[in-house]
Amino acid sequence: QLLLGFSCVVLVATEWSSGSIMTSIATTQRKSGIVISKALVAAIAAVLSMVLGGAVAVLIANLVLSSVGRSLDLGDPLIQRELIGIVAAGALNSLMAIGLAFLIRRTAPALVTYIAITMVAPIALGMIPLDTMREIASYLPLNASGYMMTTGGVSDSGLTPVEAYVTMGLWAFVCMVAGWWRMTRTN
């Protein structure tokens, strides 16, 4: 998921850094179309890569489990829910990264912001010995993505899978709207 996010940030922010986005802006009447098209490409690429990654993971897991007489059953609703969570988390993280890149428009600051939101903040807040901080940390993208893929009972979980999907959806939506607003209103 992080690699997808990095790729999405670089996809958009590099165009701003090099100035090549100006060609796209000059040739289109609607700047929102640029944001939407990049978001669609990122989401489709994320879904395809996460499906491929999930398929490879299942194949490898079945090879390992076969040595002890077990296997993963893709008909199992829990396995299906995990795989759907993996794909959805990848797509939503990619949309969040695209929105941040359109908002920030520079590669390094956009990457640092993405890393800070997805990696640093959850760890830093989790280290503060207050229950409130741990609860806040559960609403950050890294933890919410993890809860999307969780099928078993997690005793200290602040989010149910449904809450995790809503949380990640809101992260992606807010970042995309902020990026869209910056693209369409401030040039």
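Computation of the quantities below employed the complete heavy-atom set of this structure, encompassing side-chain atoms and omitting hydrogens, waters and symmetry-equivalent molecules.
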Looking at [atom1] of [X] and [atom2] of [Y], how far apart are the two atoms once the value is rounded to the nearest 0.5 Å?
{"X": "D76", "Y": "E82", "atom1": "CG", "atom2": "CD", "answer": "8.5 Å"}
{"X": "L111", "Y": "R106", "atom1": "CG", "atom2": "CZ", "answer": "13.5 Å"}
{"X": "I44", "Y": "L48", "atom1": "CD1", "atom2": "CG", "answer": "7.5 Å"}
{"X": "I136", "Y": "N143", "atom1": "CD1", "atom2": "CG", "answer": "12.5 Å"}
{"X": "R81", "Y": "M149", "atom1": "CZ", "atom2": "CE", "answer": "12.5 Å"}

same_hphob_cluster([X], [Y]) at 4.5 Å side-chain heavy-atom cutoff:
{"X": "M133", "Y": "L142", "result": "yes"}
{"X": "M183", "Y": "M22", "result": "yes"}
{"X": "I98", "Y": "V174", "result": "no"}
{"X": "L59", "Y": "V51", "result": "no"}
{"X": "L140", "Y": "F6", "result": "yes"}

Just wondering, do [Y] and [X] contact through their side chains at under 4.5 Å, heavy atoms?
{"X": "I117", "Y": "P141", "answer": "yes"}
{"X": "Y114", "Y": "M119", "answer": "no"}
{"X": "M148", "Y": "P161", "answer": "no"}
{"X": "W171", "Y": "L92", "answer": "no"}
{"X": "D73", "Y": "I79", "answer": "no"}
{"X": "I84", "Y": "Y165", "answer": "yes"}
{"X": "F102", "Y": "W16", "answer": "yes"}
{"X": "I86", "Y": "L83", "answer": "yes"}

Kindly give the heavy-atom pair with the smallest separation between [X] and [Y], and that separation in Å.
{"X": "S24", "Y": "E15", "answer": "OG-OE1, 4.3 Å"}
{"X": "V9", "Y": "A110", "answer": "CG1-CB, 3.5 Å"}
{"X": "S94", "Y": "A42", "answer": "CB-O, 4.1 Å"}
{"X": "A61", "Y": "L72", "answer": "CB-CD1, 3.6 Å"}
{"X": "A46", "Y": "A91", "answer": "CB-CA, 3.8 Å"}
{"X": "L95", "Y": "M176", "answer": "O-SD, 3.2 Å"}

Between [X] (side chain only) and [Y] (backbone N and O only), is there a donor and an acceptor less than 3.5 Å apart?
{"X": "T14", "Y": "L11", "result": "no"}
{"X": "T160", "Y": "E163", "result": "yes"}
{"X": "T184", "Y": "W180", "result": "yes"}
{"X": "N62", "Y": "S71", "result": "no"}
{"X": "N93", "Y": "G5", "result": "no"}
{"X": "T28", "Y": "I25", "result": "no"}
{"X": "R105", "Y": "R182", "result": "yes"}

Notebook entry, point to check: How far apart are the C-alpha atoms of I21 and I34, what are their side-chain angles, what is the distance that settles it, and do they pass the side chain to side chain contact (heavy atoms under 4.5 Å, CB included) test?
Noted result: CA-CA 9 Å; I21 191 83; I34 296 169; 4.1 Å; yes

